[in-house]
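To start, the structure itself, in structure tokens.
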Amino acid sequence: MHKKVFVSGCYDMLHSGHIAFFEEAAQYGDLYVGIGSDQTIQELKARKTINTDVERLYMVNALKVVKEAWINSGNGILDFAEDVKRLRPDIFFVNRDGHSPAKERFCKQLGIRYIVSERIPHNGLPARSTTALRKECLIPYRIDLAGGWLDQPFVNKYYPGSVITVSIEPDYEFNDRSGMSTSSRKKAIELWHTDIPDGDREMLARTLFCFENPPGTAYVSGSQDALGIVMPGLNRFLYDNDYWPKKMDKVTDPDLLSWIERRIWLIPLYPREHDYDVLANTHIDANGAMALSRASEDCWKAILNKDVNRWGRASIASFEAQLQMFPNMISKDVNDTLEAYKSQVLGWKLSGAGGGGYLVVVNETPVRNAIQIRIRRDGFE
């Protein structure tokens, strides 16, 4: 009997990259495809698909390489769980940016072999992705490398400190509520539609910050979100009892930015739940703010000196200082993933400061099943 191979995804705007992925998976046996419903894609990506789930199912089922396809019956990142239990496949096949430790653990529990594709295009054809083909929005995301929460006056009033960010090209459609400034990015799309306009970068960031936080806003988003999106390259924002930084330092050296890119690895986690309250059970005080500030400063110096070991230690110290004040940042699922990677990497933290999203690890060599990012370089003045 042929082995059963299962893949799952959105498969919107069906293209040659999808076909090559299906063909690669089908080399292992009969191919079964689970398709994310319109509702699931809306929840995970905060956008509508170009084609409905019924249309996507029709197109995938029409491919000769596919044995059978269906719309997954569940929701969330494991929307296929009940379908997989019913199918009982021998192999679960994913591409690298579709990998998550939660999927890997799920397969291990069921005794299913888990294989991560290298996304090899068909001979003579270019590599394709739906994100690249959509091209409707080039507005970046951002990652804070250290110091997250210090842009909030309820933290920086205890001790001044810096938040370090990098502006990230949208090569992947990062999950909504993932700590990558997705909420601020949506507001930027409302303002500017497809990309950051020309002009004074600080003024543009102020405009975005004010647009996202009009008078009467109950919870003011930190300005590092707007600044981290708008300001290309590597940036340090110094806060002292205010929402807006009193000082900004930016790095435009392409060699240093390339050095950073080669040492940041993202491991997908669950998106934060909509009712998740990271501000519950907080213990914010001068000791915690000072520890976070000092870790951020150490991280900045380590990166500028290209000292990856020191950067890794500073990243851990920054994350632990955050947890000291905001223990709800970490959940059991996040901790399980972190424990699986700790011995393999030099440093770690979560994307953003709200828990979940992506585990951001620092390492000199490639990290298994992790994705890499590109730092935005344009717009330097």
Side-chain angles (χ1 to χ4, degrees), residues 2-100 103 106-107 112-138 170-176 194 268 271 371:
H2 287 182
K3 290 185 176 181
K4 296 179 181 179
V5 183
F6 178 73
V7 302
S8 182
C10 175
Y11 310 120
D12 199 13
M13 297 175 65
L14 199 66
H15 54 69
S16 63
H18 291 139
I19 307 303
F21 173 72
F22 291 152
E23 289 176 339
E24 186 182 357
Q27 292 176 8
Y28 293 90
D30 291 334
L31 180 61
Y32 297 81
V33 182
I35 295 171
S37 68
D38 294 341
Q39 179 181 346
T40 295
I41 304 307
Q42 179 68 46
E43 290 173 353
L44 292 178
K45 305 294 185 182
R47 67 161 175 84
K48 293 183 178 179
T49 57
I50 299 297
N51 299 304
T52 67
D53 46 21
V54 175
E55 291 176 290
R56 290 181 281 126
L57 176 62
Y58 169 75
M59 289 186 287
V60 171
N61 253 329
L63 300 174
K64 66 180 180 180
V65 74
V66 175
K67 174 87 171 178
E68 183 182 351
W70 57 78
I71 299 170
N72 290 331
S73 59
N75 53 57
I77 200 167
L78 297 182
D79 63 333
F80 50 76
E82 294 305 315
D83 306 287
V84 167
K85 290 176 183 177
R86 182 174 60 254
L87 177 65
R88 300 184 66 82
D90 301 283
I91 294 168
F92 193 122
F93 195 80
V94 301
N95 59 34
R96 180 164 290 184
D97 54 311
H99 159 72
S100 79
K103 293 178 183 178
F106 173 78
C107 290
I112 299 170
R113 185 183 175 191
Y114 186 79
I115 300 176
V116 180
S117 163
E118 292 300 322
R119 187 180 258 180
I120 302 170
H122 186 75
N123 289 341
L125 296 181
R128 293 291 188 203
S129 71
T130 303
T131 303
L133 288 174
R134 286 169 65 92
K135 285 291 184 186
E136 86 263 15
C137 183
L138 298 176
D171 296 332
Y172 303 98
E173 194 168 6
F174 295 104
N175 286 335
D176 193 39
T194 59
I371 60 177

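Hydrogens, waters and symmetry mates are skipped; everything else that's a heavy atom, side chains included, is used. In this text, all values refer to a predicted model and were calculated from it rather than measured experimentally.
When all heavy atoms of Ile19 and Leu63 are compared, the closest pair comes out as CD1-CD1, 3.6 Å. Across all their heavy atoms, Ile41 and Gly36 have their closest contact at CG1-O, 4.1 Å. What you find for Ser117 and Glu24 is that their closest heavy atoms are OG-OE1, 2.8 Å.
Between the side chains of Glu43 and Gln39, at least one donor-acceptor pair of N or O atoms lies under 3.5 Å. For Ser73 and Asp83, the side-chain atoms include at least one donor-acceptor pair closer than 3.5 Å. At a cut-off of 3.5 Å, with distance as the only test, no side-chain donor of Asn72 or Thr40 sits close to an acceptor on the other residue.
Between Trp70 and Tyr32, the ring planes are tilted. Angles from 30° to 60° get that label.
Checked against a 6.0 Å centroid threshold, the rings of Phe80 and Phe92 count as neighbours. In this structure, Phe93 has its ring center under 6.0 Å from that of Phe21.
Put simply, the side chain of His18 gets close to the backbone of His15: a donor and an acceptor are under 3.5 Å apart. Counting only distance, with no hydrogens or angles, the side chain of Asp30 and the backbone of His2 share no donor-acceptor pair below 3.5 Å.
Each of Ile71, Leu57, Asn75, Val54 was scored for a side-chain contact (heavy atoms from CB on, under 4.5 Å) with Ser37, with one residue passing: Ile71.
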